[in-house]
Amino acid sequence: MPHANLADGVERMRRVEGEVFDMGTNSHMTRRRLLRTASGLGISVAGIAALAACGEAEPKVITKEVPVERVVVKEVPVEKIVTQQVERIVTQQVVNVVREEVPVEKVVEVKQVVEVPVEKVVEKVVTKEVEKVVEKVIEVEAQLPPVTVVFVHDHTSGPRGAAMGWGLDRFAQTVPHINIKLVPQPHTYEESFSIQMVAGTAGELALLSGWFKSRFQASGGFMQIDDVVRKFDTFNPHDYYFYPDTNDLTFTDTLPIGHLDGLRGPMFGLPYQGNLNTQIINLDIMEQAGIEWPTPGRWGIQTEFLEALGKATDPEAQQWGLLANGSWYGMWNSWGWALADDPNLHYRSADGLRTTMWDSGADAGIRLVNDLIQTHGVAPPVSETRELAGEFGDPFSAGRVMVRSAGSVGTFATRIKDRFRWSRMPTVEGPRGPAPYAMTMQPHLVTNSAETRGNLEACVEVCLFFAGREVQGRVAIDRGSVPIRKDVLASPEYAAGPPENHGMMKDFFEQPDARSAQMAHPAWRDWQSGGSPRIQNLSAILLGEFSIDDGIEQTLKSADRALEQSHESWQELRNWWQERPNPIKPGVFG
């Protein structure tokens with residue numbers, strides 16, 4: 001029996017079908033009308049197909065493929081890419097046709113357009129060579145083998161010990177594969193270390209003075225490190241002030257010494273702690289005595305300065321203008337050069353045969369120091385120094401003297417705290433201007449044990465770290481030493497008090513007129529202890545047990561004798577120095 005609603009629907013479908021073929025199979029609007037008609041009758045697309053299948057003739061299905069392309073590309077980064085491309089097209093077509101026998105009066109042929117999604121899968125397999133090369137940098141934290149370096153040091157207490165302890169902790173964090181074995185030493189350990197050098201048992205790294213290096217260099221006691229230093233891009237020789245013949249060997253025995261030009265070699269270590277013969281002043285005593293702050297041209301050694309010392313002195317109150325001492329670089333040699341007729345005097349002659357520090361009237365400096373005690377009475381007798389120091393360690397920290405020599409000031413800051421105001425003091429002047437300052441420095445030196453134990457590069461890395469901005473910046477804070485780096489001396493940390501005007505140190509360094517300790521001599525210690533630069537029996541002279549004339553005469557005689565007796569070994573060291581390969585030179589690095 002025909003179904004009325006179904007027959008009516010078929011008729012409507014036929015009309016729509018006609019429109020389909022009249023308007024073309026590509027019309028989206030026509031297809032939507034067809035589907036809406038079927039939907040309104042509750043007939044699915046599958047149902048439409050079933051109706052079509054009941055016709056008199058076999059229904060025709062027109063299929064339009066609408067390819068939907070999905071490309072899956074797998075690329076593996078390699079250093080050289082080789083590619084081969086193979087395309088495989090997979091077409092999946094599913095048409096669900098439901099056949100159902102429906103009694104109708106008339107067989108209707110329904111022509112159906114079915115959209116079948118086609119999935120196209122393209123797989124790319126790498127086989128074809130191409131020119132493109134991909135370089136991939138992979139950063140991997142290297143697990144370097146552990147290395148141990150024996151580090152011999154006397155910076156174990158006070159401000160110097162604080163900076164060293166901080167540096168060791170920071171190094172352990174930054175360079176964990178290098179283990180530093182610190183071997184603490186007393187302040188004077190040169191004798192025991194000399195024995196170790198001879199026996200070949202010395203530590204690989206040691207904080208030493210340049211004169212010690214000169215004694216053992218020609219025999220191969222210390223390693224030249226210029227080529228190893230060049231491997232580290234963190235090193236720039238122009239970052240430092242140059243202290244001649246300390247970590248290097250340059251025989252800088254004439255003026256100017258070129259301290260502003262940066263380090264040069266051959267180098268056997270790197271700088272660590274320095275010093276200058278500058279002075280500090282008690283501002284409370286100065287102001288109470290009515291002394292004006294010194295200005296350029298009004299701070300003469302024998303005029304305004306001497307007058308100020310007299311104003312600050314009150315023996316009954318145990319207060320003095322100046323603390324005199326026997327330091328060969330502290331004050332009196334510098335004062336002598338400022339007062340001498342020859343502006344180019346050094347401690348000894350360039351030929352290594354004569355002591356010249358008191359030539360051309362330069363003995364005026366040591367004579368003045370003696371007169372400040374014996375004649376002018378503005379400096380306390382040497383015998384009273386310990387009593388004046390009391391519980392504070394030194395007379396200046398105790399507030400008993402207005403002026404004393406000091407380069408590094410960390411110990412004074414610890415002792416003084418806030419009990420009185422104090423400051424760096426401008427350099428005293430001679431007829432030609434400020435007195436030239438003297439420079440001293442102790443480097444970290446690399447011994448031949450580094451070669452024996454195979455850790456030379458590790459030793460250089462330790463030297464670079466302790467000469468670097470980070471540790472030198474810490475030295476600037478603790479102030480047990482004077483930093484060597486130019487940027488640290490110019491830093492806000494170093495300029496900050498105490499004491500006041502601490503940034504003057506940078507100005508002192510920038511003065512072109514400077515002297516070095518002339519440590520390129522294998523018998524430097526014998527020359528010094530024999531009478532020069534530290535006067536033999538200086539304390540006795542300052543106590544009045546020797547006359548100043550006899551003291552100077554005896555000192556020059558013994559000092560020149562030490563130079564004469566060691567002249568052959570001095571010449572051998574010069575010959576050895578001239579054969580040094582590939583040293584770092586001023587203005588040239590790379």
Side-chain angles (χ1 to χ4, degrees), residues 154-165 186-188 273-291 293 305 308-332 369 372-373 376-426 428 440 474-482 494 496-502 504-505 538-539 542-543:
D154 65 352
H155 284 200
T156 55
S157 62
R160 292 181 176 181
M164 176 52 58
H187 180 63
T188 55
Q273 68 140 357
N275 218 335
L276 289 182
N277 64 334
T278 56
Q279 282 81 51
I280 52 179
I281 187 169
N282 184 317
L283 295 175
D284 286 355
I285 294 178
M286 185 188 78
E287 291 174 0
Q288 291 166 8
I291 301 168
W293 181 255
F305 178 60
L309 297 180
K311 290 181 179 181
T313 299
D314 184 354
E316 292 184 1
Q318 291 189 311
Q319 179 176 296
W320 309 87
L322 175 77
L323 179 65
N325 59 54
S327 172
W328 61 269
Y329 70 92
M331 60 183 72
W332 46 263
V369 173
L372 293 177
I373 299 173
H376 301 291
V378 296
V382 175
S383 60
E384 297 182 16
T385 300
R386 182 172 297 179
E387 182 180 350
L388 290 171
E391 62 182 294
F392 300 103
D394 72 278
F396 184 84
S397 297
R400 297 295 184 180
V401 297
M402 183 176 71
V403 174
R404 70 153 293 159
S405 62
S408 57
V409 294
T411 299
F412 301 115
T414 302
R415 293 173 176 175
I416 295 169
K417 299 179 181 177
D418 59 353
R419 290 184 299 105
F420 59 84
R421 292 174 56 233
W422 55 299
S423 172
R424 289 281 186 192
M425 189 186 81
V428 294
T440 60
R474 182 67 195 193
V475 171
I477 293 172
D478 293 306
R479 301 186 181 177
S481 308
V482 175
Y494 196 66
E500 296 181 27
N501 300 304
H502 196 249
M504 280 184 177
M505 288 296 284
L538 175 59
S539 296
L542 297 181
L543 284 168

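Only heavy atoms go into these numbers, but all of them, side chains included; no hydrogens, no water, no symmetry mates. Note that the numbering runs from 1 along the sequence shown for the chain.
Put simply, the side chain of Pro395 does not reach to within 4.5 Å of the side chain of Trp320, judged on heavy atoms. Gln279 is listed as a side-chain neighbour of Ser405, based on a closest heavy-atom distance under 4.5 Å. Between Met286 and Lys311 there is no side-chain heavy-atom pair separated by less than 4.5 Å. With contacts defined as side-chain heavy-atom distances shorter than 4.5 Å, the pair Met402/Gln319 does not qualify. Using a 4.5 Å heavy-atom cutoff, the side chains of Leu372 and Trp332 are not in contact. Side-chain contact between Val409 and Arg424: present, with at least one pair of heavy atoms (C-beta onward) separated by less than 4.5 Å. Under the 4.5 Å side-chain criterion, counting only non-hydrogen atoms from C-beta, Arg404 is not in contact with Ile281. At a threshold of 4.5 Å between non-hydrogen side-chain atoms, the residues Ser481 and Asn275 do not count as touching.
Atoms CG and OG1, from Asp154 and Thr188 in turn, are 9.0 Å apart once rounded to the nearest 0.5 Å. Arg419 contributes atom CZ, which lies 9.5 Å from atom CG of Asn282 (distance to the nearest 0.5 angstrom). Taking CG of Asp314 as the start and CZ of Arg400 as the end, the distance is 10.5 Å to the nearest 0.5 Å.
Of the residues Leu323, Asp394, Val378, the one that meets the side chain to side chain contact (heavy atoms under 4.5 Å, CB included) test with Val401 is Leu323.
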### Task
Go through the steps for Asp478 and Arg160 under the test side chain to side chain contact (heavy atoms under 4.5 Å, CB included), then give the verdict.
CA-CA 7 Å; Asp478 293 306; Arg160 292 181 176 181; over 6 Å; no

### Leu283 and Phe420: CA distance, side-chain angles, deciding distance, side chain to side chain contact (heavy atoms under 4.5 Å, CB included) verdict
CA-CA 8 Å; Leu283 295 175; Phe420 59 84; over 6 Å; no

### Query
Where do Ser423 and Asn501 land on the side chain to side chain donor-acceptor pair (under 3.5 Å) test, with the steps shown first?
CA-CA 6 Å; Ser423 172; Asn501 300 304; 2.8 Å; yes

### Task
Please assess Val482 against Met505 for the test side chain to side chain contact (heavy atoms under 4.5 Å, CB included), listing each intermediate value before the final yes or no.
CA-CA 9 Å; Val482 175; Met505 288 296 284; 3.8 Å; yes

### Task
Just do the side chain to side chain contact (heavy atoms under 4.5 Å, CB included) check on Trp422 and Glu500 with the steps written out, would you?
CA-CA 6 Å; Trp422 55 299; Glu500 296 181 27; over 6 Å; no

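Closest approach of Met504 and Met425 over heavy atoms only: SD-C, 4.1 Å. The shortest non-hydrogen separation linking Gly321 to Ala312 is CA-CB, 4.1 Å. In this structure, Pro159 and Thr414 approach most closely via the heavy-atom pair CG-OG1, 4.1 Å.
No more than 12 heavy atoms of other residues, nucleotides or ligands lie within 6.0 Å of CD in Glu387, so this atom counts as exposed by the packing criterion.
Remark: the backbone N or O of Gly393 is not paired with any side-chain donor or acceptor of Ser397 at under 3.5 angstrom. A donor-acceptor contact shorter than 3.5 Å is absent between the side chain of Arg479 and the backbone of Thr411.
Arg415 forms no cation-pi arrangement with Phe396, by the criterion of a distance under 6.0 Å to the ring centre and an angle within 45° of the ring axis.
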